[in-house]
Amino acid sequence: MKPFTYERPADVTEALAMAAAAPGARFLAGGTNLVDLMKLQIEQPTHLVDVSRLPLGQINETSEGGLRLGATTTNSQVAADAKVRARYPALAQAILSGASGQLRNKATTAGNLLQRTRCAYFYDTTKPCNKREPGAGCAAIGGIYANTAIFGASGACIATHPSDMAVAMSALDARVEIAGPNGQARAIPLDDLHRLPGETPHIETTLEPGEMITAVVLPPPPTGDQIYRKARERASYAFAIGSVAVAGGKVALGAVAHKPWRARAAEQALAGGASPAEAMAAEMASARPDGHNDFKLKLMARLGAACLTTTGAGDGQ
Amino acid sequence: MKTSFKLNGQAASLDLDPRTTLLDALRENLGLKGSKKGCDHGQCGACTVLVNGRRINACLSLAVTHEGDEITTIEGLAQGEALHPVQAAFLEQDAFQCGYCTPGQICSTVGMLQEAADGWASLVTDDLTADTVLTDAEIRERMSGNLCRCSAYPQILAAIRSAGGVA
Ligand SMILES: Cc1cc2nc3c(=O)[nH]c(=O)nc-3n(C[C@H](O)[C@H](O)[C@H](O)COP(=O)(O)OP(=O)(O)OC[C@H]3O[C@@H](n4cnc5c(N)ncnc54)[C@H](O)[C@@H]3O)c2cc1C
Ligand code: SF4
Ligand code: FES
Ligand code: FES
């Protein structure tokens, strides 16, 4: 690890000021992604602002009948919460399908959203990667690694976003609350948080420098059943090679793009009375596999159709 | 950087490079070698310790973030000569071969049993609103963060079952 200094702010204002005062500063939450990447020197912050003890660890009802998950709520805490389990089962399932019991006890809501890709070549510092070093090239294109994007990839990067939690939040139409260094606050749809890679895959989100996520707000649960299903290479403690979240008539796909992939073509088809298989076919029509990840076409079509059948989302509601 | 926490019931104060992980602080600075370093990247569970009663991977946690925390390692589970029931169950069921993963398995089990007692669900829990019942499938899923390279899983499962499962 490269040397860094460390501070623990008492509140959000202080945290934002500390981060603004130190170029090269990063927020540290559970550390399960950032510390890992610092050990590999893929991340090299010069200053850490530890947000894990900020008073953002609550799960509260909103006036609209939804829930506000504070940025530092842990993944375990959210998945165990009775309100989440009763009203947002897809979110509880998505979180519980990720990582391990130990990791979920540390991982936070904001940290999970902002975790970086698991692209094997991003982790291999002997290979070129445009995310690690803009302009260096992309070893994954033509490389021997298949857990790559089939939607929205670019000639600069074909990596996927690895979060399970974010996929369920996308289908649930979650919003992200953000605070900035000059006292400004804003909220954006989760779908607008992560960017597609384009020519600048190192810029992964629409957060401005120094901005901090303070909460994720879930609107009231949609009518209809919810489900999260994940395909992976072993039964537990492995990242997705494809996943599906369904909440009412909303559908999001995981491990297929640089961001949680909202399947709007499938949703539209469903609304028009399509069957689960037809709805997924409508979505997969815009998929662009690259020869190594072609398996994801069938996988996602089947997994998606199975989820839509289970929840009854294709029953013309 | 000065850091103080409670370690196995005793006060511990350290002056640390902020880069020091909790695992390295325990093993190198405090001389407690029970917690093991398998992967150093959160992938094996050998470094599992309890922080304020919850299990975490000590290898991915910076020690300076643990100011004021109560940390329990494998060295702190027994009461004098009396083994913790989970330790006794691992011995009884011969739940190890080389023993390298064992401290992590045991600390993880203690944390996992508390999570189950608190009613936390797992991915294999069919009804997320029902009470927790620690079937073998539940134990396997909840313990998936602890790998055993000797593959002593059947005996580990048997030990955990006898320490708190249902079957
Ligand atoms: C072995 C292993 C297996 C895993 N398996 C899975 C899996 O199957 N599915 C899955 O979804 N995840 C998995 N994970 C990833 C895990 O979910 C993430 O590491 C975790 O969610 C990150 O949360 P954190 O709080 O520890 O973030 P940190 O590591 O503390 O931070 C991550 C990033 O978020 C930034 N950040 C944190 N909080 C804020 C904030 N409030 N505002 C702005 N920026 C912030 C940090 O600066 C950093 O860039 C796995 C991890 C490991 C090590
Ligand atoms: S796919 Fe993206 S993350 Fe992976 S090597 Fe290419 S540029 Fe890097
Ligand atoms: S050493 Fe910490 S998980 Fe492997
Ligand atoms: S007993 Fe050898 S690694 Fe588990």
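The analysis underlying the following values was restricted to heavy atoms, covering all of them including side chains, and did not include hydrogens, waters or symmetry mates. Remember, it's a predicted structure, so these values are computed and weren't measured experimentally. A note on names: the letters A, B, ... follow the listed sequences, proteins ahead of strands, and every chain is numbered from 1.
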Side chain to side chain contact (heavy atoms under 4.5 Å, CB included) between A:Leu91 and A:Gln226: does it pass, once the steps are laid out?
CA-CA 9 Å; A:Leu91 178 58; A:Gln226 299 176 22; 5.9 Å; no
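Within residues 72-80 of chain A, the residues approaching chain B closer than 4.5 Å by heavy atoms are, in numerical order, A:Ser76, A:Ala80. Within residues 117-131 of chain B, the residues approaching chain A closer than 4.5 Å by heavy atoms are, in numerical order, B:Gly119, B:Trp120, B:Ala121, B:Ser122, B:Leu123, B:Leu128, B:Thr129, B:Ala130.
Donor-acceptor pairing under 3.5 Å is lacking for the side chains of A:Lys131 and A:Thr117. Neither side chain, B:Thr48 nor B:Ser108, offers a donor N or O lying under 3.5 Å from an acceptor on the other. Between the side chains of A:Asn112 and A:Gln115, a donor-acceptor pair is found at a separation under 3.5 Å.
B:Leu22 pairs in a side-chain contact (heavy atoms from CB on, under 4.5 Å) with only one of the listed residues (B:Ile71, B:Thr3, B:Asp69), which is B:Ile71.
Interface summary for chain B: among A:Arg234, A:Met38, A:Lys106, A:Lys230, the most heavy-atom pairs under 4.5 angstrom belong to A:Lys106. Counting heavy-atom pairs closer than 4.5 Å to chain A, the top residue among B:Thr21, B:Asn57, B:Val51 is B:Asn57. Heavy-atom pairs under 4.5 Å with chain A were tallied for B:Glu141, B:Glu115, B:Arg142, B:Met112; the largest tally goes to B:Glu141. Across B:Leu147, B:Val64, B:Asn146, the residue that shares the most heavy-atom pairs under 4.5 angstrom with chain A is B:Val64. Taking chain B as the reference chain and counting heavy-atom pairs below 4.5 Å, the highest number among A:Ser236, A:Pro89, A:Ala92, A:Ser100 is found for A:Ser236.
One finds no salt bridge joining B:Glu67 and A:Arg53 here, because no Lys/Arg side-chain nitrogen approaches an Asp/Glu carboxylate oxygen to under 4.0 Å. Ion pairing of B:Lys37 with B:Glu28 is absent here, as no side-chain N (NZ or NE/NH1/NH2) approaches a carboxylate O to less than 4.0 Å.
Seen from the ring of B:Tyr100, B:Arg149 counts as a face-on cation partner, given the 6.0 Å and 45° thresholds.
For A:Arg118, the CZ atom is densely surrounded, since the number of other residues' heavy atoms within 6.0 Å is greater than 12.
Applying the ring-ring contact (aromatic ring centres under 6.0 Å, His included) test to B:His66 and every residue at least two apart in sequence or in another chain returns nothing.
Of the possible polar contacts, none joining the A:Thr125 side chain to the A:Ile42 backbone as a donor-acceptor pair under 3.5 Å is found. At least one donor-acceptor pair under 3.5 Å links the side chain of A:Tyr237 to the backbone N or O of B:Gln43. Distance alone, capped at 3.5 Å, places no donor-acceptor pair between the B:Arg55 side chain and the B:Cys107 backbone.
At a 4.5 Å heavy-atom cutoff, A:Leu34 makes no contact with chain B through either its backbone or its side chain. Interface residue A:Asp36: backbone and side-chain heavy atoms are both found under 4.5 Å from chain B. A:Ser97 touches chain B through backbone and side chain together, each having a heavy atom under 4.5 Å away. Proximity to chain B (any heavy atom under 4.5 Å) is shown, for A:Ile95, by neither the backbone nor the side chain.
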In residues 12-20 of chain B, what donor-acceptor pairs under 3.5 Å come from side-chain atoms, sequence neighbours left out?
| from | atom 1 | to | atom 2 | distance (Å) |
| --- | --- | --- | --- | --- |
| B:Ser13 | OG | B:Ser4 | OG | 3.1 |
| B:Asp15 | OD1 | B:Met1 | N | 3.0 |
| B:Asp17 | OD1 | B:Arg19 | N | 2.8 |
| B:Asp17 | OD1 | B:Arg19 | NE | 3.2 |
| B:Asp17 | OD2 | B:Arg19 | NE | 3.3 |
| B:Asp17 | OD2 | B:Arg19 | NH2 | 2.9 |
| B:Arg19 | NH1 | A:Met1 | O | 3.0 |
| B:Thr20 | OG1 | B:Asp17 | O | 2.6 |

